[in-house]
Amino acid sequence: MVTGAALSDAAALREEAWRVAGAVVDPEIPVLSIADLGVLRDVTISDGRVEVVITPTYSGCPAMNMIALEIELALDKAGLGPVSVKTVLSPAWTTDFMSEDGRRKLKDYGIAPPAKTAGRRALFGVEVVECPQCGSSDTVEIAPFGSTSCKSLWQCRACREPFDYFKCH
């Protein structure tokens, strides 16, 4: 918890609120924070009240209510309340918002990260997906959906391991 003069001005409060909110993890992929995913869009301070703006990875993402609750709890625990969390759909989230650190964490967790830029090739499944286990690009899609709807299920022909691919969008 940070208190006192360090948080007396809005800029310091905003910076601390951003740090605390950004550390909230995605409930479906617990190695990623919402800052890693690029879901955290903005933090504003008005009259001492913190407002956090988030964007879902897709419009029906079931994790968003849990993420909003976790943000409120984290900021309250840090003594940064009162807090409101606003969900915005525009501009739409794309995998381009994911940080390089987030992509690395996904791969280390065994999930192939999305291509570096979203585009038609990625949307229509003509991209090369590297196996997160052995790094081979000799892979094949098994199913368009993996353990969650934002992932597809792939298999590596080299090491024979199945793996999730975080779909590019």
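Along the sequence shown, the residues carry numbers beginning at 1.
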Minimal heavy-atom distance between Val43 and Ala17, with the atoms involved, is CG1-CB, 3.7 Å
Notebook entry, point to check: If we only count heavy atoms from C-beta on, is the Arg157 to Ser136 side-chain gap below 4.5 Å?
Noted result: no
Less than 4.5 Å apart, side chain to side chain, heavy atoms only: is that true for Pro114 and Met98? yes
_For Glu15, I'd like to know if atom CD has over 12 heavy atoms of other residues, nucleotides or ligands within 6.0 Å._
no
Heavy-atom side-chain contact between Pro62 and Glu28 under 4.5 Å
yes
Item to complete: Spell out, as yes or no, whether a donor-acceptor pair under 3.5 Å connects the side chain of Thr139 to the backbone of Cys131.
Response: no
Separation between OG (Ser33) and CG (Asp26), nearest 0.5 Å, reads 9.5 Å
Shortest non-hydrogen pair, Pro113 vs Lys107, comes out as CD-CB, 4.1 Å
Of all heavy-atom pairs linking Gly146 and Asp164, the shortest is CA-OD1, 3.5 Å
d(Ile67 CD1, Met64 CE) to nearest 0.5 Å is 5.0 Å
dist Thr57:OG1 -> Ile34:CD1 (nearest 0.5 Å) comes out at 12.0 Å
Asp9 side-chain N/O to Ala11 backbone N/O, donor-acceptor pair under 3.5 Å: yes
Should the pair Arg103 and Phe166 be classed as cation-pi, given the thresholds of under 6.0 Å to the six-membered ring centre and 45° from the axis?
no
Rounded to the nearest 0.5 angstrom, the NZ-OH distance for Lys151 and Tyr165 is 13.5 Å
Is it the case that one hydrophobic cluster holds both Ile45 and Ile71, taking links as side-chain heavy atoms less than 4.5 Å apart, direct or via other members?
yes
Heavy-atom nearest pair, Phe163 first then Val129, reads CE1-CG1, 3.7 Å
Exactly one of Leu37, Val88, Val85 clears side chain to side chain contact (heavy atoms under 4.5 Å, CB included) with Ile54, and that residue is Val85
Nearest heavy-atom approach of Pro82 to Gly48 is CD-O, 4.4 Å
Taking only Lys NZ, Arg NE, NH1 and NH2, and the carboxylate oxygens of Asp or Glu, determine whether Asp36 and Arg104 approach each other closer than 4.0 Å.
-> no
In terms of heavy-atom contacts, Gly102 and Leu32 come closest through O-CD2, 3.3 Å
Is atom CG of Asp42 surrounded by more than 12 heavy atoms (other residues, nucleotides or ligands) closer than 6.0 Å? yes
Would you say Phe97 and Val25 are hydrophobically clustered, going by side-chain heavy atoms of ILVMFWY under 4.5 Å?
no
message = Membership question, hydrophobic clusters at under 4.5 Å side-chain separation (ILVMFWY): are Val20 and Val53 in the same one?
response = no
- [ ] Report yes or no: does Gln155 contribute a side-chain atom to a donor-acceptor pair with the main-chain N or O of Val140 at less than 3.5 Å?
- [x] no
The reported gap from CZ in Arg19 to CG in Leu75 (rounded to nearest 0.5 angstrom) is 10.0 Å
Going only through I, L, V, M, F, W and Y residues with side-chain contacts under 4.5 Å, is there a path from Trp18 to Leu13? yes
Value for SG (Cys150) from CD1 (Ile111), rounded to nearest 0.5 Å, stands at 8.0 Å
